[in-house]
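Reading through the structure tokens given below for one structure.
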Protein chains: 2
Amino acid sequence: MIGEPGVAVTIKDVARLAGVSASSVCRALADPDRVRPETRDRVQTAARQLGYHPNRVARSLITGRTANIGVVLPDLGNPFFPTVVKAIQTQARRRDYAVLLTDTDEDPAVEVPAIRALAMQVDGFLLCSPRAADDELRAVAEKPMVVLNRRISPFPSVTADNSGGMRQAVSHLHALGHRTISYVAGPRTSWSNRDRLRGLRAATSALGMTLIEIGNVAPTVAGGAAAADLVAAAPVTAVLAYNDLVALGLVQRFQARGIAVPGQLSVVGFDDILVAALVGPPLTTVAIGKEQIGRVGVDLLLALMAAPGAAGLDRAGSERAGPGRGGRARRVVPTQLIVRGSTGPVAR
Amino acid sequence: MIGEPGVAVTIKDVARLAGVSASSVCRALADPDRVRPETRDRVQTAARQLGYHPNRVARSLITGRTANIGVVLPDLGNPFFPTVVKAIQTQARRRDYAVLLTDTDEDPAVEVPAIRALAMQVDGFLLCSPRAADDELRAVAEKPMVVLNRRISPFPSVTADNSGGMRQAVSHLHALGHRTISYVAGPRTSWSNRDRLRGLRAATSALGMTLIEIGNVAPTVAGGAAAADLVAAAPVTAVLAYNDLVALGLVQRFQARGIAVPGQLSVVGFDDILVAALVGPPLTTVAIGKEQIGRVGVDLLLALMAAPGAAGLDRAGSERAGPGRGGRARRVVPTQLIVRGSTGPVAR
DNA sequence: TTGAAAGCGTTACCAG
DNA sequence: CTGGTAACGCTTTCAA
């Protein structure tokens with residue numbers, strides 16, 4: 001660290017010190033093979049000496065690339081998302097991208113404006129469980145987008161194997177003797193909720209079980225607590241929740257009412273957030289590879305941005321851009337039932 | 001939405017449609033009072049019609065401002081941080097700033113490079129519980145910085161009243177009959193850890209209690225679990241943990257070993273993360289206004305950026321820039337002991 | 001292999 | 001109050 005001027009050091013400073021033109025500095029740094037080794041060394045030395053780092057903003061203006069990716073998600077307060085964001089962040093930094101984050105507070109109306117606001121300073125978006133309508137999202141897609149935890153037609157997506165998870169959970173309950181169970185649904189705007197419900201219906205009917213669906217609640221502990229009394233009033237011996245937060249709210253309210261878990265009622269969550277293992281009784285839940293979702297999402301997005309017609313939705317049929325290219329890939333990460341203490345044999 | 005060209009619409013397009021120069025468009029949009037009302041209307045109509053939004057990247061280049069703030073934190077996996085980030089994000093968006101996020105994975109060595117990498121695309125930084133050395137942080141401060149959960153000399157800071165929290169916790173334990181207690185320390189690099197320990201020592205000695213300090217552990221559930229056996233082997237009746245995660249790890253391991261909480265050992269956490277209320281027994285802990293920390297942090301940073309000599313560290317004494325200006329303000333948010341089930345009277 | 005020059009989209013400055 | 005022009009820092013032609 002020799003040079004440390006108060007103001008930023010520009011390419012011109014390096015050029016002057018190295019005794020070459022700005023163009024050469026640019027080349028020497030970006031494409032070391034296209035300049036004479038001697039020049040390259042002089043430039044690199046000068047750059048290091050001055051502590052020069054190219055101004056990414058200025059570069060963006062000419063190249064159109066920003067080296068930023070935008071991440072939009074509904075609620076950092078749901079422990080599921082920080083885990084995904086952390087994975088995104090890690091993978092993005094590895095690929096030399098920075099992450100611009102927006103939390104929409106579960107408000108669908110905020111998503112589109114947020115995307116529009118960020119659009120100019122990012123090369124692409126990772127939409128985490130977006131709540132807005134398909135058409136709105138398609139309409140705002142001027143930049144490459146990858147959708148996480150949802151599928152929207154032309155965009156690549158990364159989702160969890162919700163059906164598989166539900167199948168595992170249901171057969172677990174079936175084996176324990178449960179025949180009539182209920183599902184506490186999450187937000188109506190949540191694709192994962194619909195996907196889980198779909199899988200759940202298939203699984204229960206395949207096993208000849210009865211499913212009682214209970215209204216849509218907020219994907220929070222409070223949401224679960226609010227639904228608990230409805231569940232208790234239904235003739236069920238087990239309940240599956242949209243996610244762990246809801247399941248936790250259910251358990252909490254059951255316990256407050258003296259309803260034993262799993263003695264009188266078994267409870268199954270979804271996501272396997274950290275706290276699921278810590279509560280009493282520990283929560284039986286369906287684990288998702290959250291890190292994998294984030295990581296794969298970044299990879300897909302980078303592939304998409306690198307692709308030839310890297311517009312938002314690859315208009316004009318995108319030639320033969322198969323899923324392999326990241327074209328409109330649909331990656332599904334596996335789920336795994338984690339059996340813990342909140343499920344048990346049905347009381348006879 | 002009338003105009004929706006495939007490519008971005010620039011100021012020139014608006015100028016052409018409105019029949020004025022680019023300069024006028026700029027003014028009409030930025031400073032509506034400085035142009036004739038008629039012109040203003042024509043420009044605004046044209047802009048709306050074309051769906052024009054100024055290119056923030058290009059603007060940055062000339063103004064030097066980016067409308068981004070950088071947030072650097074050690075671990076999104078610790079539920080404390082997402083809550084703070086959410087508050088930051090909300091407040092930032094309200095003020096029309098976007099948030100660039102970096103998770104350093106508790107690695108002090110990553111912080112400085114991360115800051116340097118982001119420096120060019122942000123107007124200032126919010127350093128959340130930074131782990132690097134004071135000098136390193138001061139050295140990298142080319143942009144305004146506000147530090148959260150730590151105090152570093154020339155920077156404004158927002159911290160929790162750790163001493164007050166510890167005092168409340170200790171007198172709570174004292175009232176329950178505890179006389180010898182231990183503290184399971186967090187990362188050595190954590191200022192909060194040192195501050196809490198400081199407050200703890202003062203509180204215990206004021207009440208004539210004995211404090212047994214137990215080594216530094218990672219601020220995670222695993223860290224707590226790892227320290228549990230050391231605590232159990234010490235002649236204490238209660239233990240305070242660096243944070244809730246560590247406390248949870250302690251409780252978990254105690255229960256696995258058949259040590260009753262709070263029957264044989266009382267446990268107190270810090271932070272009051274969501275899960276603290278959900279575990280069994282619910283965790284007695286010291287609550288911090290996490291949202292407030294984030295919100296105040298943003299306000300302080302904005303004030304600092306607006307300040308006259310808005311360099312990183314306001315060199316040259318910054319005239320009379322008192323705390324009121326956000327100069328080198330030190331805001332302390334209150335803490336509040338939340339008594340739950342993990343603490344009880346000492347077994348006789 | 002290198003340098004000069006032309007932008008990228010915007011704002012700031014200075015005449016008019 | 002308005003329009004031209006320069007400039008921000010960089011990359012990318014195009015000649016030499």
Side-chain angles (χ1 to χ4, degrees), chain A residues 5-44 46-47 50-68 96 117 119-123 142-143, chain B residues 5-44 46-47 50-68 96 117 119-123 142-143:
Chain A
V7 281
V9 25
T10 82
I11 202 172
K12 287 185 175 176
D13 300 318
V14 180
R16 198 175 312 123
L17 180 61
V20 298
S21 74
S23 326
S24 295
V25 175
C26 182
R27 279 186 290 249
L29 263 30
D31 214 5
D33 305 328
R34 293 188 60 75
V35 298
R36 185 156 37 111
E38 185 190 314
T39 310
R40 177 173 56 71
D41 292 343
R42 270 225 311 284
V43 170
Q44 290 185 343
L50 260 36
Y52 170 75
H53 293 277
N55 183 327
R56 303 182 86 147
V57 174
R59 171 182 297 178
S60 303
L61 195 54
I62 179 86
T63 62
R65 298 185 56 261
T66 63
N68 293 150
D96 234 330
M120 253 165 330
Q121 16 195 0
V122 303
D123 295 336
E142 296 157 10
K143 288 284 173 74
Chain B
V7 281
V9 28
T10 83
I11 201 172
K12 288 184 172 176
D13 300 318
V14 179
R16 198 175 312 123
L17 181 60
V20 298
S21 74
S23 322
S24 295
V25 175
C26 181
R27 277 185 294 249
L29 263 29
D31 214 4
D33 305 329
R34 293 188 59 74
V35 299
R36 185 155 36 110
E38 186 191 313
T39 310
R40 176 172 56 69
D41 292 342
R42 270 225 312 285
V43 169
Q44 290 185 343
L50 260 36
Y52 169 76
H53 292 278
N55 183 328
R56 303 182 86 147
V57 174
R59 172 183 297 177
S60 303
L61 194 55
I62 180 81
T63 62
R65 297 185 56 259
T66 62
N68 293 150
D96 235 329
M120 254 166 329
Q121 16 194 2
V122 303
D123 295 336
E142 295 156 12
K143 287 286 172 75

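Letters go in sequence order (proteins before strands), and every chain restarts at 1.
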[atom1] of [X] versus [atom2] of [N]: gap in Å, rounded?
X	N	atom1	atom2	value
B:Leu61	D:dC10	CG	P	9 Å
B:Asp31	D:dT2	CG	P	12 Å
B:Met120	D:dC8	CE	P	17 Å
B:Gln121	D:dC10	CD	P	14 Å
A:Asp41	C:dT1	CG	P	14 Å
A:Asp13	D:dG9	CG	P	9 Å
A:Asn55	C:dC8	CG	C1'	13 Å
A:Arg34	C:dT2	CZ	C1'	11 Å

Can you tell me if [X] uses its side chain to pair, donor with acceptor, with the backbone of [Y] under 3.5 Å?
X	Y	value
A:Asp31	A:Asp33	no
A:Thr66	A:Ser60	no
A:Arg42	A:Ala18	yes

Closest contact, heavy atoms only, B:Gly64 versus B:Asp123: O-OD1, 4.0 Å
Closest listed nucleotide, where the reference is the side chain of A:Ala58 and the choices are D:dG9, C:dG9, D:dT2: D:dG9
Nucleotide of D:dG3, C:dT2, D:dT2 approaching B:Ser21 most closely (side-chain heavy atoms): D:dG3
What pairs of nitrogen or oxygen atoms, one from the protein and one from nucleotides 11-13 of chain D, lie under 3.5 Å apart?
residue, atom, partner, partner atom, Å
D:dT11, OP1, A:Arg59, NE, 2.7
D:dT11, OP1, A:Arg59, NH2, 2.9

Beyond-backbone contact of A:Val25 with A:Leu29, side-chain heavy atoms, under 4.5 angstrom: yes
Test item: B:Asp13 and B:Thr10 side chains (from C-beta on) under 4.5 Å apart, heavy atoms: yes
Partner residues of B:Arg59 under the side-chain contact (heavy atoms from CB on, under 4.5 Å) criterion, sequence neighbours left out: B:Pro54, B:Thr63
Sugar-phosphate only, base, or nothing, as touched by B:Thr39 at under 4.0 Å among non-hydrogen atoms: sugar-phosphate
Sugar-phosphate only, base, or nothing, as touched by B:Val57 at under 4.0 Å among non-hydrogen atoms: nothing
